[in-house]
Amino acid sequence: MEITRDGAAWGTMEIMEHGTQVQFHASGTLPRYGEILRVWGMREGCQPLLIGVAEPDGERLVVDRTMSRQYLSSLGYDMLPEYYTAGTQPPKNGKQNSSDPLIEQAMEQKEITVQKQEDILRLSCPFAGDTAFPLAFIFCCCTVKDGTATVLWDRKKGCPCTDSPGMG
C-alpha cells in the first residue's frame, strides 16, 4: 500500500497479519537533513495511528512495528487504516487531504458528508432555499439532485472534477 507525504508518493507499507498480531513495515525515501519523519495510519473518523518513527536503513527509511488487534481496537481501529502518511507533524484528525483550505474547512462541517475513492473526494450536503449552504463557495461546480448538492474534488490536482468511476 502507498504511503504519501505532502500529497505525493513517499514509500510503501506492507501489512502482515499473524493471528491477533498485525505487523507494519514501512519503507520510504530519505528526507532532507535533520527531518524526523513519522508514519501514521489513517481511517475516516479516527485519530491518527502512529505507526512509528522512520529510521535509516541503507538508502531508505524504515519503520517496523507489531501491534495487537486488542491494542488497535482500543485506539478505535477495529479495522485497519485506510491509508498511510508520513511527515514531521501529525496529520489532521482523520481527514482526507484536499490541498485546498476552503475544501478542508467545509469537510469539518457536520452538514457535509465526505466519501473517498482513490484520489477523489465526494462532498455532499442538503440544498434548500431556506437553509445555510456550506458549499456556496463552490456552488458553480456542484450538481443538485433531490435536495442534495454534490461536488467531486480531485485531491491530486486540487480542483473539482466532473466524474469519478464508482461514485455514481
Side-chain angles (χ1 to χ4, degrees), residues 1-17 20 22 24 26 28 37-51 63 67-168:
M1 182 174 273
E2 180 181 74
I3 301 172
T4 60
R5 179 174 184 207
D6 297 328
W10 174 77
T12 59
M13 173 66 73
E14 294 178 43
I15 302 164
M16 289 136 305
E17 298 183 57
T20 61
V22 179
F24 298 91
L37 292 183
R38 291 168 177 79
V39 176
W40 286 272
M42 301 291 294
R43 183 165 202 81
E44 285 297 321
C46 294
Q47 293 290 327
L49 172 66
L50 178 62
I51 304 297
V63 175
M67 298 181 210
S68 70
R69 285 277 184 186
Q70 182 179 6
Y71 176 70
L72 290 167
S73 182
S74 74
L75 298 174
Y77 282 86
D78 294 321
M79 296 175 62
L80 292 176
E82 297 172 308
Y83 60 99
Y84 297 86
T85 185
T88 58
Q89 298 293 318
K92 293 183 181 176
N93 182 18
K95 201 165 57 165
Q96 301 294 320
N97 181 14
S98 71
S99 73
D100 182 276
L102 289 175
I103 294 292
E104 294 286 333
Q105 186 178 21
M107 289 168 57
E108 293 177 1
Q109 297 185 35
K110 64 181 178 184
E111 301 88 4
I112 294 182
T113 302
V114 180
Q115 297 173 316
K116 78 165 188 118
Q117 180 181 5
E118 297 174 11
D119 293 318
I120 305 297
L121 295 175
R122 178 185 189 161
L123 287 77
S124 57
C125 67
F127 179 76
D130 60 345
T131 60
F133 182 53
L135 293 174
F137 68 96
I138 197 167
F139 179 72
C140 62
C141 299
C142 291
T143 57
V144 178
K145 182 176 181 183
D146 299 325
T148 301
T150 302
V151 65
L152 300 178
W153 186 265
D154 187 316
R155 293 187 304 148
K156 279 193 173 180
K157 293 178 182 174
C159 64
C161 60
T162 57
D163 189 32
S164 176
M167 283 201 156

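Since we're looking at a predicted model, the values are computed, not measured. In what follows, residues are counted from 1 in the order of the sequence shown. Just so it is clear, the values below take in all heavy atoms, side chains as well, and ignore hydrogens, waters and symmetry mates.
Residues W10 and V39 are in side-chain contact: their nearest non-hydrogen atoms beyond the backbone lie under 4.5 Å apart. Annotation: side chain of P126 is not in contact with side chain of T131 (no heavy-atom distance under 4.5 Å). Put simply, the side chain of L37 does not reach to within 4.5 Å of the side chain of V63, judged on heavy atoms. In this structure, E111 and L135 have side chains that are not in contact, with every pair of non-hydrogen atoms separated by 4.5 Å or more. In this structure, P81 and M42 have side chains that are not in contact, with every pair of non-hydrogen atoms separated by 4.5 Å or more.
Atom-to-atom distance recorded for I3:CD1 and T12:OG1 is 6.0 Å, nearest 0.5 angstrom. Here the CH2 atom belonging to W153 is positioned 9.5 Å from the SG atom belonging to C161, to the nearest 0.5 angstrom. Taking CG of L121 as the start and CD of Q115 as the end, the distance is 10.0 Å to the nearest 0.5 Å. With values rounded to the nearest 0.5 angstrom, F24 atom CZ is found 9.5 Å from M16 atom CE. If you take SG on C125 and CD1 on I112, they are separated by 5.0 Å, rounding to the nearest 0.5 Å.
Among residues two or more places apart in sequence or in another chain, the side-chain contact (heavy atoms from CB on, under 4.5 Å) test is passed with A8 by none. Residues passing the ring pair (Phe, Tyr, Trp, His ring centres under 6.0 Å) test with F137: none are found, sequence neighbours excluded. In this structure, T20 has no side-chain contact (heavy atoms from CB on, under 4.5 Å) partners at least two apart in sequence or on a different chain. The side-chain contact (heavy atoms from CB on, under 4.5 Å) search around L50 returns R38, W40, not counting sequence neighbours.
Across all non-hydrogen atoms, the minimal contact from P91 to P48 is O-CG, 3.5 Å. For the pair A26 and M13, the tightest heavy-atom approach, listed with the atom from each and the gap, is CB-CE, 3.8 Å.
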Side chain to side chain contact (heavy atoms under 4.5 Å, CB included), that's the test. Do I120 and D154 meet it? Break it down for me.
CA-CA 5 Å; I120 305 297; D154 187 316; 4.0 Å; yes

Please set out all donor-acceptor pairs under 3.5 angstrom arising from side-chain atoms of residues 70-80, sequence neighbours excluded.
unit_1, atom_1, unit_2, atom_2, d
S73, OG, D78, OD1, 2.6
S74, OG, Y71, O, 2.6
Y77, OH, G41, O, 3.2
Y77, OH, Q47, O, 2.6

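The aromatic rings of F133 and F127 sit perpendicular, their planes meeting at an angle over 60°, well past the 30° parallel limit.
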